[in-house]
Amino acid sequence: MKKRLYSWHRWLGVLPCAAIFLWCVSGFTHPLMNWTQPRPKVRVLPAQSLASDNFDNTLAEVLKRNNIADIKSLNVVSFNNRTYYQIKTDEVSPPLYLDTQTAEPLADGDRVYAVHVARGYLQDSQAKVIDVEYLQDFNDDYREINRLLPVYQITFDRADGMRAYIETTGAKLSTLVNNTKYRLNWFFGFFHNWNFLGTTDSVRWSFIVGFALLTFIAAASGILVYGFFWNSFSKTADSASARGWLRKYHRRIGIFVAATMLTFSFSGGFHALVKLRNNNADEKTRFVVAQFAPAELSFPLSKALAAPEGQKDAVGVSLVRFQNAACYRITRADKKVEYVNASTGERLNDSAENQYTRQLANSFSGLREEQIASMTLVTKFDDEYGFAYKRLPVVNVQYE
């Protein structure tokens with residue numbers, strides 16, 4: 001029995017070698033990817049004041065003139081010396097851009113705005129755009145870790161082959177990829193995610209879970225054979241081959257490495273198992289689903305944007321459904337947020353932002369208002385809310 005267990009350990013050590021080699025090589029690649037990651041010239045685009053005299057028509061009138069029955073979301077954006085209503089009429093199509101003064105639609109507006117945003121982050125107004133692609137799903141070049149969808153992949157005619165990935169409804173830069181990053185991404189995907197097994201995620205993650213399990217068993221059997229029960233197995237091992245300096249140090253180093261491999265294989269296998277079970281559903285962004293009729297949007301935005309005495313100019317506007325009413329959510333230059341009823345013009349009290357956050361949390365979690373224990377503003381990444389989540393600032397809503 002001892003001889004058989006010793007033999008099993010030797011073969012179990014051989015089988016996972018290919019997987020361990022691939023993962024070790026990809027491990028060396030990971031810091032290289034961080035060191036060579038292209039950085040934007042600016043991290044935050046400068047906010048532009050929204051002048052109230054740029055809104056000659058009410059939003060309801062603009063929608064009526066463009067035969068739009070209802071909308072899903074609204075933002076107001078300014079670029080190329082014009083101001084536009086950025087409107088989504090469904091959850092799939094790119095937003096429409098309607099001039100706030102003339103009510104005329106901007107041809108291919110979302111693409112034009114995406115290029116404008118990309119140039120802003122890169123501070124590059126000269127490079128020619130050679131390709132713009134609208135991505136609604138993750139792929140081998142734009143992985144799930146980037147979180148944001150849909151995005152535009154904008155490729156510039158530059159020596160470094162720069163590609164910018166832009167999410168337009170928030171003017172967000174998801175990531176930048178140049179030729180170096182592209183090659184490292186391919187290398188990492190091949191060796192770490194085993195992309196050579198094909199595009200079927202269930203197949204890849206099943207293989208990874210299997211090899212992680214073999215690695216765990218090999219490490220555990222190594223600790224048993226060479227650690228706890230060495231006195232019982234030493235004669236069996238010596239009979240297998242001559243005892244020498246290589247076998248002597250193999251035992252000492254092997255025990256140390258095996259302890260590390262236990263945690264390595266368990267955490268890697270668990271990660272792959274989660275991927276296999278969830279099929280990356282947890283990686284995709286969840287959005288608020290709302291619908292607004294023109295009749296709810298009759299209050300002039302020009303009046304809603306007018307800064308009350310002592311307040312800063314408006315730099316951002318969106319449309320939210322709060323307490324069953326359509327409201328303009330207006331962000332001021334000093335980061336203060338106010339809510340104005342889009343039908344009556346009533347300005348809500350200062351607690352509206354807090355209440356809307358609670359409303360969102362309850363909607364996403366399915367829990368109740370009275371179960372909220374605390375709310376904390378998160379302004380930097382930490383152990384619980386890591387950098388992979390991309391967005392800051394956010395609010396941590398803690399339930400009982």
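- Around the OH atom of Y399, the shell of radius 6.0 Å holds more than 12 heavy atoms that belong to other residues, nucleotides or ligands.
- One N or O on the side chain of Y385 and one on the backbone of R391 form a donor-acceptor pair closer than 3.5 Å.
- In E369, the CD atom is crowded: over 12 heavy atoms of neighbouring residues, nucleotides or ligands sit closer than 6.0 Å.
- N66 places a side-chain N or O within donor-acceptor distance of the main-chain N or O of A103, the cut-off being under 3.5 Å.
- Within the 4.5 Å cutoff, the side chain of D110 has no heavy atoms near those of the V112 side chain.
- No single ILVMFWY cluster, assembled from side-chain heavy atoms under 4.5 Å apart, contains both Y84 and V62.
- Q355 and Q323 are linked by a side-chain donor-acceptor pair at a separation below 3.5 angstrom, with hydrogens and angles left out of the test.
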Applying salt bridge (Lys or Arg N to Asp or Glu O under 4.0 Å) to E353 and R329, what does each step give before you reach the verdict? CA-CA 9 Å; E353 177 79 340; R329 182 180 182 274; 2.6 Å; yes
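- Note: D313 CG to S52 OG = 8.5 Å, rounded to the nearest 0.5 Å.
- Judged by distance alone, with hydrogens and angles left aside, the side-chain atoms of S351 form no donor-acceptor pair with the main-chain N or O of N354 at under 3.5 Å.
- At a cut-off of 3.5 Å, with distance as the only test, no side-chain donor of T100 or N54 sits close to an acceptor on the other residue.
- What you find for A293 and D70 is that their closest heavy atoms are CA-CB, 4.3 Å.
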Under the ring pair (Phe, Tyr, Trp, His ring centres under 6.0 Å) rule, what do Y165 and Y142 come out as? Steps first, then yes or no, please. CA-CA 9 Å; Y165 292 85; Y142 186 71; 4.8 Å; yes
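- Cluster annotation: L50 and L74 are assigned to the same hydrophobic cluster (Ile/Leu/Val/Met/Phe/Trp/Tyr, side-chain heavy-atom contacts under 4.5 Å, transitive).
- A295 is linked by a side-chain contact (heavy atoms from CB on, under 4.5 Å) to nothing, counting only residues two or more places apart in sequence or in another chain.
- Summarising the geometry of V92 relative to Y134, their closest heavy-atom pair is O-OH, 3.5 Å, with the distance given to 0.1 Å.
- Looking at heavy atoms from C-beta onward, N57 lies out of side-chain contact with Q101 at the 4.5 angstrom threshold.
- Rounded to the nearest 0.5 Å, atoms CE (M33) and OG1 (T29) are 8.0 Å apart.
- For the residue pair S93 and D90, a side-chain donor N or O sits within less than 3.5 Å of a side-chain acceptor on the partner.
- A donor-acceptor pair under 3.5 Å links the side-chain atoms of R332 to the main chain of K312, judged by distance alone.
- For the pair K181/T175, a side-chain contact is recorded, criterion being any heavy-atom separation below 4.5 Å from C-beta on.
- When atom types are taken as modelled, the side chain of R321 and the backbone of A290 share no donor-acceptor pair closer than 3.5 angstrom.
- Remark: M162 CE to D160 CG distance equals 4.0 Å, nearest 0.5 Å.
- Linking Ile, Leu, Val, Met, Phe, Trp and Tyr whenever their side-chain heavy atoms come within less than 4.5 Å leaves L106 and L98 in two separate clusters.
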Run the numbers on R163 and D131 for salt bridge (Lys or Arg N to Asp or Glu O under 4.0 Å), then give the verdict. CA-CA 9 Å; R163 279 87 89 191; D131 184 58; over 6 Å; no
Begin with the C-alpha distance, continue with both residues' side-chain angles, and end with the deciding distance and a verdict on side-chain contact (heavy atoms from CB on, under 4.5 Å) for L319 and F292. CA-CA 9 Å; L319 191 61; F292 306 92; 3.6 Å; yes
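- At a cut-off of 3.5 Å, with distance as the only test, a side-chain donor of T83 or S78 sits close to an acceptor on the other residue.
- The distance between the ring centers of Y113 and F79 falls below 6.0 angstrom.
- Residues E167 and L173 form no side-chain contact, since every pair of their non-hydrogen atoms from C-beta on lies 4.5 Å or further apart.
- Scored by the salt bridge (Lys or Arg N to Asp or Glu O under 4.0 Å) test, E370 finds R368 as partners (sequence neighbours excluded).
- When atom types are taken as modelled, the side chain of N80 and the backbone of R82 share no donor-acceptor pair closer than 3.5 angstrom.
- A salt bridge does not link K41 with D124: none of the charged nitrogens is closer than 4.0 Å to a carboxylate oxygen.
- L45 CG to K172 NZ: the interatomic distance, rounded to the nearest 0.5 Å, is 11.5 Å.
- One hydrophobic cluster, built from ILVMFWY side chains closer than 4.5 Å, cannot hold both L392 and V315; they sit in different ones.
- What you find for T169 and K88 is that their closest heavy atoms are CG2-CD, 4.1 Å.
- Transitive grouping of hydrophobic side chains (ILVMFWY, heavy atoms separated by less than 4.5 Å) brings V77 and V42 into a common cluster.
- Ring centroids of F381 and F387 are separated by 6.0 Å or more, keeping the two rings apart.
- Here the closest non-hydrogen pair linking N34 and R39 is O-NH2, 3.4 Å.
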Show your working on side-chain hydrogen bond (donor to acceptor under 3.5 Å, both in side chains) between N341 and Y328 and close with a plain yes or no. CA-CA 6 Å; N341 188 296; Y328 296 123; over 6 Å; no
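- A distance-only check finds no donor-acceptor pair linking the side chain of S49 to the backbone of A51 [under 3.5 Å].
- With ring centers used as reference points, F322 lies under 6.0 Å from Y339.
- Looking at every heavy atom in both residues, E384 comes nearest to Y389 through O-CE1, 4.2 Å.
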Give the C-alpha distance, both sets of side-chain angles, the deciding distance and a yes or no for side-chain contact (heavy atoms from CB on, under 4.5 Å) between V177 and D141. CA-CA 9 Å; V177 176; D141 295 332; over 6 Å; no
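- E133 places a side-chain heavy atom less than 4.5 Å from the side chain of L135.
- Aromatic pair Y85/Y97: ring centres not closer than 6.0 Å.
- Note that CD of Q291 and CD of E91 are 9.5 Å apart. Values are rounded to the nearest 0.5 Å.
- Side chains of L301 and T58 form no contact here, defined as non-hydrogen atoms less than 4.5 Å apart.
- Checked by atom type and distance alone, the side chain of Q37 pairs as donor or acceptor with a backbone atom of L176 at under 3.5 Å.
- When all heavy atoms of R143 and N139 are compared, the closest pair comes out as CD-O, 3.3 Å.
- The distance from atom CG of D56 to atom OG1 of T102, rounded to the nearest 0.5 Å, is 9.0 Å.
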Output, in order, the C-alpha distance, side-chain angles, deciding distance and verdict of side-chain contact (heavy atoms from CB on, under 4.5 Å) for Y182 and N178. CA-CA 6 Å; Y182 175 81; N178 57 15; over 6 Å; no
Please lay out, stage by stage, how V44 and Y121 fare under the test side-chain contact (heavy atoms from CB on, under 4.5 Å). CA-CA 8 Å; V44 179; Y121 280 111; over 6 Å; no
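- Between L305 and V317 there is a side-chain heavy-atom pair separated by less than 4.5 Å.
- Under the 3.5 Å distance criterion, with hydrogens and angles disregarded, a donor-acceptor pair is assigned to the side chains of Q86 and N75.
- Side-chain atoms of T180 and T36, non-hydrogen and from C-beta on, do get closer than 4.5 Å to each other.
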